[in-house]
Amino acid sequence: MGFDVTFHPIGGAELQRFLFDVIADGSLAEHRAAELAKTPKERDTVLKLYRAFPNWIAEKAPVGSSFAFAAAIVAGFLHPYWYARGTALTFLAEGCVPELADVFVPLGRVAPGVLADAPDRHRGMIWGNDSASGLIPADRITSVRHLLESLADRPGRGSLSLLETIVDEDALESLRAALQYCAAHNLGMIEASDVVVPFSGQCLTRYTNLRATFLDKMDP
């Protein structure tokens with residue numbers, strides 16, 4: 001698949017403060033943006049994002065391409081995040097590992113509020129370009145890690161394991177690093193498509209938090 005995927009650690013309290021609180025009370029936008037931002041440019045990026053919230057609610061925008069995508073951007077200001085080309089837990093769930101679909105919690109079920117009624121037909125998973133998943137809660141991260149590693153014991157193509165067949169080496173390194181960071185800090189994870197697009201130079205969140213093999217920068 002040709003998606004530019006990023007894996008974003010984030011905690012439930014952080015989602016509440018920097019996403020759900022602002023959805024519920026737009027007057028918090030300036031203050032929350034100032035907390036996230038290190039520079040005026042970052043502050044403008046976050047404020048532009050927050051100012052889109054009322055329209056998304058009014059238009060009943062699909063959660064994956066609106067608030068979930070915003071959650072991934074917010075997460076990128078708070079924690080390191082990891083890049084993979086063409087690999088996501090979503091894609092594994094839709095392909096060879098259907099058990100992974102059960103680890104995602106759509107944002108509308110993470111916290112009560114207007115998102116509970118927002119359209120989300122994709123069970124909290126990436127559904128295309130410029131979209132993001134729901135939350136993989138912190139208490140499911142260990143299960144995801146075990147399930148991912150168990151693929152090494154399943155047969156794949158030829159002499160390869162299923163893990164080697166469906167996840168390339170660079171993507172696997174990113175996935176493992178992101179999940180390890182989540183486990184170490186008791187965080188959940190969101191995955192997104194096109195928050196970062198290296199070919200065009202696009203980065204919609206804090207670039208210095210990006211971790212990728214092409215940057216030779218993988219440690220937290």
Side-chain angles (χ1 to χ4, degrees), residues 1-10 62-73 75-76 80-107 109-110 119-137 140-158 160-183 187-200 202-205 210-214 218:
M1 293 198 181
F3 291 96
D4 293 291
V5 176
T6 39
F7 307 111
H8 297 268
I10 191 167
V63 172
S65 56
S66 59
F67 293 107
F69 196 66
I73 293 170
Y81 56 96
W82 283 262
Y83 172 87
R85 174 69 176 172
T87 295
L89 296 174
T90 288
F91 305 151
L92 301 184
E94 293 171 340
C96 303
V97 196
E99 310 99 294
L100 280 170
D102 294 331
V103 306
F104 294 94
V105 178
L107 281 189
R109 287 170 38 204
V110 173
D120 193 347
R121 296 181 292 105
H122 302 277
R123 295 186 297 165
M125 295 187 288
I126 293 174
W127 62 273
N129 294 106
D130 302 299
S131 72
S133 73
L135 180 70
I136 301 173
R140 298 184 185 182
I141 292 295
T142 297
S143 295
V144 173
R145 295 175 75 190
H146 289 164
L147 180 54
L148 183 67
E149 299 304 331
S150 75
L151 303 181
D153 298 322
R154 303 188 199 181
R157 184 176 59 249
L160 299 177
S161 71
L162 183 58
L163 184 62
E164 294 168 316
T165 300
I166 62 177
V167 185
D168 70 43
E169 186 176 346
D170 287 350
L172 182 58
E173 188 176 357
S174 284
L175 253 176
R176 283 172 169 163
L179 291 168
Q180 169 60 32
Y181 183 90
C182 290
L187 299 172
M189 191 175 81
I190 292 170
E191 54 184 21
S193 171
D194 299 331
V195 169
V196 174
V197 182
F199 178 77
S200 67
Q202 172 174 291
C203 181
L204 302 178
T205 188
L210 174 62
R211 304 292 186 263
T213 55
F214 69 81
M218 292 295 289

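- Counting heavy atoms from C-beta outward, Val144 and Met189 have side chains that stay 4.5 Å or more apart.
- Between Gly76 and His8, the shortest heavy-atom distance links the atoms N-ND1, 3.9 Å.
- By the side-chain contact (heavy atoms from CB on, under 4.5 Å) test, Ala132 pairs with Ala68, Phe69, Ala72, Ile190, Ala192, sequence neighbours left out.
- The CD1 atom of Ile126 sits 8.5 Å away from atom CD of Glu94, with the distance rounded to the nearest 0.5 Å.
- When all heavy atoms of Ala75 and Pro9 are compared, the closest pair comes out as CB-O, 3.7 Å.
- In this structure the side chain of Leu204 reaches within 4.5 angstrom of the side chain of Gln202, judged on heavy atoms.
- Electrostatic pairing of Glu164 and Arg157 does not count as a salt bridge here, judged by no charged N lying under 4.0 Å from a carboxylate O.
- Residues Leu92 and Leu148 form a side-chain contact, since some pair of their non-hydrogen atoms from C-beta on lies under 4.5 Å apart.
- Applying the 6.0 Å contact sphere to CZ of Arg123 captures no more than 12 heavy atoms from other residues, nucleotides or ligands.
- The aromatic rings of Tyr181 and Trp82 sit tilted, their planes meeting at an angle between 30° and 60°.
- Below 30°, between 30° and 60°, or above 60°: for Tyr83 and Phe214 the angle between ring planes is above 60°, a perpendicular geometry.
- Looking at heavy atoms from C-beta onward, Thr87 lies out of side-chain contact with Val5 at the 4.5 angstrom threshold.
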Which is it for Leu89 and Leu175 under the side chain to side chain contact (heavy atoms under 4.5 Å, CB included) test, yes or no, and what are the steps along the way?
CA-CA 9 Å; Leu89 296 174; Leu175 253 176; 4.0 Å; yes

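- Of all non-hydrogen atoms in Asp130 and Asp194, the two that sit nearest each other are N-OD2, 3.1 Å.
- Looking only at side-chain heavy atoms (C-beta outward), Ile166 and Val97 come within less than 4.5 Å of each other.
- To the nearest 0.5 angstrom, Asp4 atom CG is 11.5 Å from Cys203 atom SG.
- If you take CG on Asp168 and OG1 on Thr213, they are separated by 8.0 Å, rounding to the nearest 0.5 Å.
- Between Val105 and Pro137, the shortest heavy-atom contact is CG2-CG, 3.6 Å.
- Summarising the geometry, atom OG belonging to Ser133 is positioned 5.0 Å from atom CZ belonging to Phe104; distances are rounded to the nearest 0.5 Å.
- Thr90 and Glu191 share a donor-acceptor pair across their side chains, judged by distance under 3.5 Å alone.
- In this structure, the separation between CG on Asn129 and OG on Ser65 is 11.0 Å, given to the nearest 0.5 Å.
- At least one side-chain heavy atom of Leu162 sits under 4.5 Å from a side-chain heavy atom of Cys96.
- Rounding to the nearest 0.5 Å gives a distance of 5.0 Å between CG of Leu172 and CG of Leu163.
- What you find for Ala178 and Phe7 is that their closest heavy atoms are CB-CB, 3.7 Å.
- Pairing each heavy atom of Met218 with each of Ala212, the nearest pair is SD-C, 3.4 Å.
- Remark: side-chain polar atoms of Arg140 are paired, donor with acceptor, to backbone N or O of Asp102 under 3.5 angstrom.
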